[in-house]
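This report refers to the structure that appears directly beneath it.
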Amino acid sequence: MNFFSSLTIVFQLVFMGCLLFLGIRTKSVGVILIGITLLIGRIFNWAFLHFYFEYLKNPPSILGISGMDFFRTISYVSLWLILAFCIFGVLIIYNEWKQGKFQNQRPINREQPNV
């Protein structure tokens, strides 16, 4: 693994952590859904790549189809599921925004009594 791919992984994890922190801080279901979807998608991708590289060492036939077709299908399905959950999260965020959940709460300045 070279320096740039390691740096990319670190930035992705920091971004997902910031999304989860923002979701918890604002109590936004949509932001939390997007953060968790990206995190689970990244973990699934790492596991998938591990099995893919193991497959390249010893290519068996899976369910009567070639292994490459099987891995390509799994890759596309997981990509579309991640995209669908992120779009669903964006729709939830839009509904929360329309309901006024992300309004800037300004502190109320109360006058201090003169003692």
Side-chain angles (χ1 to χ4, degrees):
M1 196 180 273
N2 62 17
F3 173 73
F4 290 111
S5 63
S6 301
L7 192 63
T8 301
I9 290 171
V10 168
F11 281 142
Q12 287 175 350
L13 290 174
V14 167
F15 175 70
M16 288 179 246
C18 289
L19 270 178
L20 289 176
F21 175 75
L22 179 67
I24 291 170
R25 182 88 173 141
T26 60
K27 297 180 180 113
S28 171
V29 176
V31 176
I32 292 173
L33 179 67
I34 291 173
I36 289 174
T37 300
L38 291 176
L39 185 62
I40 290 173
R42 174 50 62 194
I43 291 169
F44 179 77
N45 207 3
W46 286 331
F48 180 74
L49 283 176
H50 172 72
F51 288 120
Y52 178 71
F53 289 134
E54 289 295 321
Y55 161 77
L56 289 178
K57 293 178 187 173
N58 186 14
S61 178
I62 302 170
L63 300 174
I65 60 173
S66 72
M68 286 303 258
D69 290 336
F70 177 75
F71 282 110
R72 189 177 304 132
T73 303
I74 296 296
S75 175
Y76 288 142
V77 167
S78 66
L79 178 70
W80 281 104
L81 281 174
I82 291 169
L83 183 63
F85 276 113
C86 287
I87 290 172
F88 185 61
V90 168
L91 292 174
I92 292 173
I93 291 171
Y94 177 71
N95 284 334
E96 290 174 343
W97 174 70
K98 279 188 357 184
Q99 294 171 359
K101 187 169 195 171
F102 298 110
Q103 296 289 330
N104 189 7
Q105 304 279 331
R106 293 187 179 151
I108 299 171
N109 291 331
R110 297 183 183 171
E111 293 183 24
Q112 297 291 331
N114 292 334
V115 180

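All values below were derived from every heavy atom in this structure, side-chain atoms included, with hydrogens, water molecules and symmetry-related copies excluded.
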Output for pair (Thr26 OG1, Phe21 CZ), nearest 0.5 Å, gives 10.0 Å
So if you build clusters from Ile, Leu, Val, Met, Phe, Trp, Tyr with side-chain heavy-atom gaps below 4.5 Å, do Ile40 and Trp80 land together?
-> no
More than 12 heavy atoms of other residues, nucleotides or ligands under 6.0 Å from CH2 of Trp46: is that the case?
-> yes
Out of curiosity, does Val29 fall in the hydrophobic cluster containing Tyr94 (side-chain heavy atoms, cut-off under 4.5 Å, transitive links)?
-> no
Indicate yes or no: at least one non-hydrogen side-chain atom of Phe15 is less than 4.5 angstrom from one of Leu38.
-> yes
Is the CZ atom of Phe48 crowded by more than 12 outside heavy atoms at less than 6.0 Å?
-> yes
What distance do Arg42 atom CZ and Thr37 atom OG1 have between them, rounded to the nearest 0.5 Å?
-> 14.0 Å
Among the clusters formed by ILVMFWY side chains lying less than 4.5 Å apart, do Ile36 and Ile43 turn up in the same one?
-> yes
Roughly how far, to the nearest 0.5 Å, is CG of Asn45 from CG of Leu79?
-> 9.0 Å
Atom pair CG/CD1 of Leu20 and Ile34 - distance to nearest 0.5 Å = 11.0 Å
Can you name the closest pair of heavy atoms from Phe88 and Leu33 and give their distance?
-> CD2-CD2, 3.5 Å
Roughly how far apart are Leu39 CG and Leu13 CG, rounded to 0.5 Å?
-> 7.5 Å
Hey, any chance Ile32 and Phe85 share a hydrophobic cluster, counting ILVMFWY side chains that come within less than 4.5 Å of each other, even indirectly?
-> no
Quick one: OH on Tyr76 to CG on Leu81, what's the gap to the nearest 0.5 Å?
-> 15.0 Å
Could you tell me which non-hydrogen atom of Ile82 sits nearest to which non-hydrogen atom of Gly41, and how far apart they are?
-> CD1-CA, 3.4 Å
Verify the cluster assignment for Ile93 and Leu22: are they in a single hydrophobic cluster under the rule of side-chain heavy atoms below 4.5 Å apart?
-> yes
May I ask you to test the Val31-Ile24 pair for a side-chain heavy-atom distance under 4.5 Å?
-> no
